[in-house]
Student: 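Mind looking over this structure? Questions follow.
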Number of protein chains: 2
Amino acid sequence: MEGSATAMTQIEQAEGKPRLGRKRDLTRDPEILASALDVLAETGYDGMTIDMVAARAKAGKATLYRRWSSKAALVLDAVACMKSNEIDLEDLPDTGTLRGDLIAMVRTPTIRDGERKLKVMAGIASMIARSPELAAAAHEALVEPRATVNRIFFRRAIERGEIPAGVDVDRLSIISPAMVAYRVLMLGKPVDREFLISTIDEIILPAAGVRSVDCR
Amino acid sequence: MEGSATAMTQIEQAEGKPRLGRKRDLTRDPEILASALDVLAETGYDGMTIDMVAARAKAGKATLYRRWSSKAALVLDAVACMKSNEIDLEDLPDTGTLRGDLIAMVRTPTIRDGERKLKVMAGIASMIARSPELAAAAHEALVEPRATVNRIFFRRAIERGEIPAGVDVDRLSIISPAMVAYRVLMLGKPVDREFLISTIDEIILPAAGVRSVDCR
DNA sequence: CGTATCCGAAACTTGGCAGTACCGGAACTA
DNA sequence: TAGTTCCGGTACTGCCAAGTTTCGGATACG
């Protein structure tokens, strides 16, 4: 709740005030949030300092505290704002086959974006158990978008009769994110196109019950 | 390298010394390490303080620093020592079927142990990218043991002819840990027997190419 | 033009934790 | 018994980051 990026500036949300003097430069908000995410991904929550964020954004510390009441609030907003970079659900690939749809999502920018999200996730991992708000923001911005896309592909495949209607769409949608997260965070290996494609062919499609050539 | 629990006390490892005075109580080492893991799982690396660990172990701070040169060394040792609680590879269940073997590992203590490991992993997640030593210890103690057990099961199944010899054993072995980690760390949901069994039946076995009843 | 608020930058205050030093007491050695 | 090292506990030091304040300058309003 509370919603969008620049609107979350908790301090002074009273609207009716005429506010005189120089106006706040709202274009700095996304720049600062992006810097915060960079530092967060590089050093983790506890390693991140407000000075680092301010320096990277070429802003003063006071400017940050004028907009966010604390480090925790800044991080929460930064994580929540990753949601806006989401994939447009109206403009998804539709190749006519489940495999085609899944493979169409395996593109360099998508992988890059995913790795960044995972680094942020690793940076806040220890906080998630203690901050329900942050956990919710991370879930909505980092976890759910990927699963949502996959769910759409599987539902389409069911409608086409390509896979059985009885499959657990939610579980299938999570396989790919889970394998990627494990590979990056636990195994420390990079995610490349080949890994993703073989995961699709060797795990996801068999689990989905695709009537493939090798089911003799 | 360096190996076992109590042996890693980095300070004074010269052996030939006759050492006079009161002897160090070596039985405190595992108690302190266990306390460190508890605090680590609860608060994460940065949230953990030496005082917390000392208090939980009912030890003095000096006692800890007499045995480990720093907080980082203590945590590294504590994580490395989780490896010793490993499952005995000589005493694995052997039910005669892949599904039977996998299901036999789904037991309450195994699940509990896994959740604890994941909480520790979350607590040190942000450190892993910056500390290769800790990353290696975590990999060996938390990640590899599970995969090793699964690999054995899949190799047996191949020998029996239960699954094709061409399957990617390493990838299959990782599915279960990956799904569990994602469920706990990203989704914040608990891991129960039902989840594990349906993961085996709906994802792992189809991916392994088991000639199951529903492959008509 | 005067005032109020913003800006980036830097100085400053405060609190918490890593690491050290010391205490009285216990255990071991010579 | 004297000397040494351990023990649990506490007090202390030094550092670092959160958060506040101040400053000179810029921008907007009336």
Side-chain angles (χ1 to χ4, degrees), chain A residues 6 9-32 35-36 39-40 42-78 123 126-127 131, chain B residues 6 9-32 35-36 39-40 42-78 123 126-127 131:
Chain A
T6 54
T9 314
Q10 288 93 341
I11 312 162
E12 52 150 301
Q13 58 196 34
E15 312 155 19
K17 291 178 186 169
R19 318 276 310 132
L20 72 169
R22 178 175 173 175
K23 280 167 189 163
R24 184 170 295 176
D25 180 4
L26 295 177
T27 67
R28 301 307 319 269
D29 273 39
E31 298 173 21
I32 295 170
S35 300
V39 178
L40 197 59
E42 285 172 21
T43 70
Y45 181 88
D46 295 281
M48 157 181 165
T49 72
I50 299 293
D51 286 287
M52 286 185 203
V53 178
R56 169 137 354 185
K58 286 181 181 159
K61 232 194 320 185
T63 302
L64 271 69
Y65 278 102
R66 215 174 281 125
R67 296 163 194 235
W68 294 276
S69 59
S70 68
K71 176 180 172 179
L74 170 62
V75 170
L76 180 63
D77 204 13
S126 66
M127 305 285 301
S131 168
Chain B
T6 56
T9 314
Q10 286 94 341
I11 312 163
E12 52 149 301
Q13 58 195 35
E15 311 156 21
K17 290 179 187 169
R19 317 278 307 134
L20 73 169
R22 178 174 174 174
K23 282 167 189 161
R24 184 171 294 177
D25 180 4
L26 296 178
T27 66
R28 301 307 320 267
D29 273 37
E31 298 172 21
I32 295 169
S35 300
V39 178
L40 198 58
E42 285 172 21
T43 70
Y45 181 88
D46 296 279
M48 156 182 165
T49 72
I50 299 292
D51 286 287
M52 285 185 202
V53 178
R56 169 137 352 185
K58 286 181 181 158
K61 231 198 314 189
T63 302
L64 270 69
Y65 277 101
R66 218 173 279 124
R67 297 163 193 236
W68 294 276
S69 61
S70 68
K71 176 179 172 180
L74 170 63
V75 170
L76 181 64
D77 204 13
S126 66
M127 305 284 301
S131 168

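Every chain is numbered from 1, with letters handed out A, B, ... down the list of sequences.
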Student: Measure the shortest side-chain to side-chain distance between B:Leu74 and B:Met48 over non-hydrogen atoms and say whether it is less than 4.5 angstrom.
Tutor: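 Sidechains of B:Met48 and B:Leu74: in contact.
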
Student: Let me have a per-nucleotide readout for nucleotides 20-30 of chain D, 5' to 3', with B, S or -, counting only protein heavy atoms under 4.0 Å.
Tutor: BB---BBBSS-

Student: With a 4.5 Å cut-off on side-chain heavy atoms, are A:Leu76 and A:Trp68 touching?
Tutor: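 SC-SC contact between A:Trp68 and A:Leu76 ruled out.
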
Student: How many whole angstroms separate atom CE of B:Met52 from atom C1' of D:dG8?
Tutor: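 Nearest whole value for this atom pair: 19 Å.
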
Student: Who passes side chain to side chain contact (heavy atoms under 4.5 Å, CB included) against A:Ala72, sequence neighbours left out?
Tutor: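 Scan of A:Ala72 (side chain to side chain contact (heavy atoms under 4.5 Å, CB included), adjacent residues dropped) gives A:Tyr45, A:Ser70.
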
Student: What's the shortest heavy-atom distance between A:Pro30 and A:Leu26, and which atoms?
Tutor: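 So the two residues come closest at CD-O, 3.5 Å.
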
Student: Any base atoms under 4.0 Å from A:Asp51, or only sugar-phosphate, or nothing? Heavy atoms, all strands.
Tutor: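 Contact class for A:Asp51: none.
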
Student: Do A:Arg28 and A:Thr63 come close enough that some side-chain heavy atom pair is under 4.5 Å?
Tutor: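 Not in contact.
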
Student: Name the nucleic acid region contacted by A:Met48, choosing base, sugar-phosphate or nothing; use a 4.0 angstrom heavy-atom cut-off, strictly under.
Tutor: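 If one applies the 4.0 Å heavy-atom cut-off, A:Met48 turns out to touch the sugar-phosphate alone, with no base involved.
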
Student: Whole-Å distance between C:dA18 P and A:Asp46 CG?
Tutor: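 It works out to 12 Å between those atoms.
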
Student: CD1 of B:Ile50 versus P of D:dC12: gap in Å, rounded?
Tutor: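 After rounding, the reported distance stands at 21 Å.
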
Student: Tell me the interatomic distance from A:Ile32, atom CD1, to C:dC6, atom C1', rounded to whole angstroms.
Tutor: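 Nearest whole value for this atom pair: 12 Å.
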
Student: Tell me: CG of A:Leu64 to C1' of C:dA9, nearest whole Å?
Tutor: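 Between C1' of C:dA9 and CG of A:Leu64: 13 Å.
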
Student: Report yes if the side chains of A:Arg66 and A:Arg24 come closer than 4.5 Å at any heavy-atom pair, otherwise no.
Tutor: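 Side chain of A:Arg66 against side chain of A:Arg24, heavy atoms only: contact under 4.5 Å found.
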
Student: Tell me: CG of A:Leu26 to C1' of C:dT5, nearest whole Å?
Tutor: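 My rounded result for the distance is 13 Å.
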
Student: Under 4.0 Å: is that the gap between some side-chain N or O of B:Thr49 and OP1 or OP2 of C:dC17?
Tutor: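 For C:dC17, OP1/OP2 do not have a side-chain N/O of B:Thr49 under 4.0 Å.
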
Student: To the nearest 0.5 angstrom, please state how far the NZ atom of A:Lys71 sits from the CG atom of A:Leu64.
Tutor: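 If we round to the nearest 0.5 Å, A:Lys71:NZ and A:Leu64:CG are 12.5 Å apart.
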
Student: Once you round it to whole Å, what is the distance between C1' of C:dA26 and CG of B:Asp25?
Tutor: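 It works out to 12 Å between those atoms.
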
Student: Nearest to the side chain of A:Arg24, which nucleotide is it out of C:dG19, C:dC6, D:dA18?
Tutor: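 Of all the options, the side chain of A:Arg24 is nearest to C:dC6.
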
Student: Can you tell me the distance, in whole Å, between the CZ atom of B:Arg28 and the C1' atom of C:dA26?
Tutor: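 Spelled out: CZ on B:Arg28 to C1' on C:dA26 is 15 Å.
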
